[in-house]
Amino acid sequence: MTTVTLGHLDETVQQASAAAVARVLEAYELEIEYVVAPRAEMIEHMRRGDVDLFVSAWLPEVDAAFLAPELGMEAFGQLYRPVFGWGVPEAAATGVTSVAGLAATDCPVSREIVTPASLLDRVRQVVAAYNLTEAGYTIAARPDAEAHDHAAHVLEASLPEIIPAWQPSFVHYGQKLLALDDPKGSYGAEQDARILLRSAIRGDMDSDLIDELDELTLGNKVVSALDHAMRFEGMSAEDAAEAWQRGKLLPR
């Protein structure tokens, strides 16, 4: 086997983690052909056998559809642990440490929650769990790219606003975001970011390569740094992955 098709979703976090996996594949002298698509289209690629490896599926919940039997994919490894949550800029010094405290009448946090459209349902779930609509909170769903730019501005200016986001993400780089506790468990369960392998080619893959990928751990901190490097330092996914591999990505 000399060529591998490597699939990932068209999101920077996924692109970054795929680039890190690609470094391992290249060490085994494999040529890589990328398949990049949104979730619905990726399912069709898998159905047609277009994807040998996929990085990464968030399981057991978010990407459960990728493990439908007819797609012929199997999961292994654990690259990082995605978890959804809300935070506020630590430098804003709001004094709020929990979602439960947002409903207080003297809470200094902005009542408008700007969220990426892709997270709207999860944000609504948290708002409902804590009756935040009754406390005056409104949700402003924006296209993901626009919402990410807004979150970057909120962090840079230390504004007292809620930032809903998955971790890993650029918003978690540099420990500028204070995570809000969720005593009611409304954020949802932590996920495992796993590699998917097309079962039909397992016998053609180098067993040492599969073992190495199975043991590869990036972690949320590294993936957040990769995302940050791509968004704000002008790095390509490949450059960011190389910087990580050389130990030059994370702050000392």
Side-chain angles (χ1 to χ4, degrees), residues 1-26 30-84 115-125 141-149 151 164-170 188-189 191-202 204-205 213 216 218 223-224 226-227 230-231 235-238 240-241:
M1 189 172 193
T2 59
T3 303
V4 171
T5 54
L6 180 60
H8 66 78
L9 300 179
D10 56 347
E11 303 165 359
T12 54
V13 164
Q14 300 285 15
Q15 185 180 359
S17 52
V21 169
R23 302 290 295 180
V24 178
L25 300 178
E26 289 165 352
L30 291 170
E31 293 186 13
I32 302 169
E33 296 179 357
Y34 289 94
V35 178
V36 185
R39 278 185 172 83
E41 293 180 20
M42 187 60 68
I43 287 176
E44 292 307 310
H45 281 296
M46 290 178 178
R47 196 186 310 276
R48 294 196 299 264
D50 297 342
V51 178
D52 295 328
L53 288 170
F54 176 80
V55 180
S56 55
W58 292 8
L59 301 171
E61 174 196 351
V62 176
D63 291 322
F66 290 153
L67 288 181
E70 64 270 19
L71 301 185
M73 308 296 289
E74 57 185 78
F76 69 106
Q78 185 189 83
L79 296 173
Y80 53 96
R81 302 292 298 274
V83 58
F84 177 72
T115 179
S118 63
L119 298 182
L120 180 57
D121 288 344
R122 289 182 178 272
V123 170
R124 284 174 171 166
Q125 183 173 294
R142 299 183 183 177
D144 282 20
E146 183 180 333
H148 293 154
D149 288 344
W166 280 99
Q167 185 180 173
S169 161
F170 72 92
Q191 305 291 295
D192 292 320
R194 310 193 69 192
I195 301 171
L196 301 186
L197 169 68
R198 185 158 61 91
S199 299
I201 68 159
R202 172 176 276 276
D204 298 325
M205 294 282 287
L213 292 176
L216 178 63
L218 302 176
V223 179
S224 293
L226 290 168
D227 189 32
M230 290 174 63
R231 290 178 183 274
M235 290 190 189
S236 66
E238 292 74 19

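Closest heavy-atom contact between L9 and M42: CD2-CB, 4.2 Å. Looking at every heavy atom in both residues, L119 comes nearest to A165 through CD1-CA, 3.9 Å. The two residues Q15 and A237 come nearest to each other via the heavy atoms CG-CB, 3.7 Å. Taking all atoms of both residues into account, the shortest heavy-atom contact from A141 to L120 is CB-CD1, 4.1 Å. The two residues R231 and T12 come nearest to each other via the heavy atoms NH2-OG1, 3.0 Å. Taking both residues in full, the closest heavy atoms of F54 and H8 are given as CE1-CA, 3.7 Å, listed atom of the first, atom of the second, then distance.
Interatomic distance, CD1 of I201 versus CE of M205, reported as 5.0 Å (0.5 Å rounding). We find the OG1-CG distance between T2 and D204 to be 11.0 Å, quoted to the nearest 0.5 Å. For the atom pair CG of L53 and CG of L213, the computed distance is 6.5 Å after rounding to the nearest 0.5 Å. Of the inter-residue distances, the one linking Q78 atom CD with I195 atom CD1 reads 11.0 Å to the nearest 0.5 angstrom. Atom-to-atom distance recorded for L6:CG and D52:CG is 9.0 Å, nearest 0.5 angstrom. Here CE of M46 is found 4.5 Å from CZ of F66. Values are rounded to the nearest 0.5 Å.
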(message) One pair to check against side chain to side chain contact (heavy atoms under 4.5 Å, CB included): E31 and V4. What are the steps and the verdict?
(response) CA-CA 6 Å; E31 293 186 13; V4 171; over 6 Å; no
(request) Before giving the answer on side chain to side chain contact (heavy atoms under 4.5 Å, CB included), spell out for V13 and F170 the whole-Å C-alpha distance, their side-chain angles and the decisive distance to 0.1 Å. (result) CA-CA 9 Å; V13 164; F170 72 92; over 6 Å; no
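For E74, the side chain to side chain donor-acceptor pair (under 3.5 Å) criterion is met by S199, R202, not counting sequence neighbours. By the side chain to side chain donor-acceptor pair (under 3.5 Å) test, D144 is found to be paired with S118, residues two or more places apart in sequence or in another chain being considered. Listed by chain and residue number, nothing satisfies the side chain to side chain donor-acceptor pair (under 3.5 Å) test with E33 (two or more places apart in sequence, or in another chain). Residues passing the side chain to side chain contact (heavy atoms under 4.5 Å, CB included) test with A240 are L226, A229, M230, M235, sequence neighbours excluded. Remark: Q191 pairs with E61 by the side chain to side chain donor-acceptor pair (under 3.5 Å) rule, at least two apart or across chains. R47 is linked by a side chain to side chain contact (heavy atoms under 4.5 Å, CB included) to I43, E44, E70, L71, counting only residues two or more places apart in sequence or in another chain. Taking the side chain to side chain contact (heavy atoms under 4.5 Å, CB included) definition, one finds that A75 meets it with L59, L67, R194, L196, sequence neighbours left out. Every residue meeting the salt bridge (Lys or Arg N to Asp or Glu O under 4.0 Å) condition with D50, not counting sequence neighbours, appears here in chain and number order: R48.
With a 4.5 Å cut-off on side-chain heavy atoms, L79 and V223 do not count as touching. Using a 4.5 Å cut-off on side-chain heavy atoms (C-beta onward), W166 and V62 make contact.
No donor-acceptor pair under 3.5 Å is formed between the side chain of S224 and the backbone N or O of P168. A donor-acceptor pair is defined here as one N or O able to donate and one able to accept, closer than 3.5 Å; such a pair exists between the side chain of Q14 and the backbone of S56.
Sorted by first and then second residue, the salt bridge (charged side-chain N to carboxylate O under 4.0 Å, His left out) pairs involving residues 6-23 (not counting sequence neighbours) are E11-R39.
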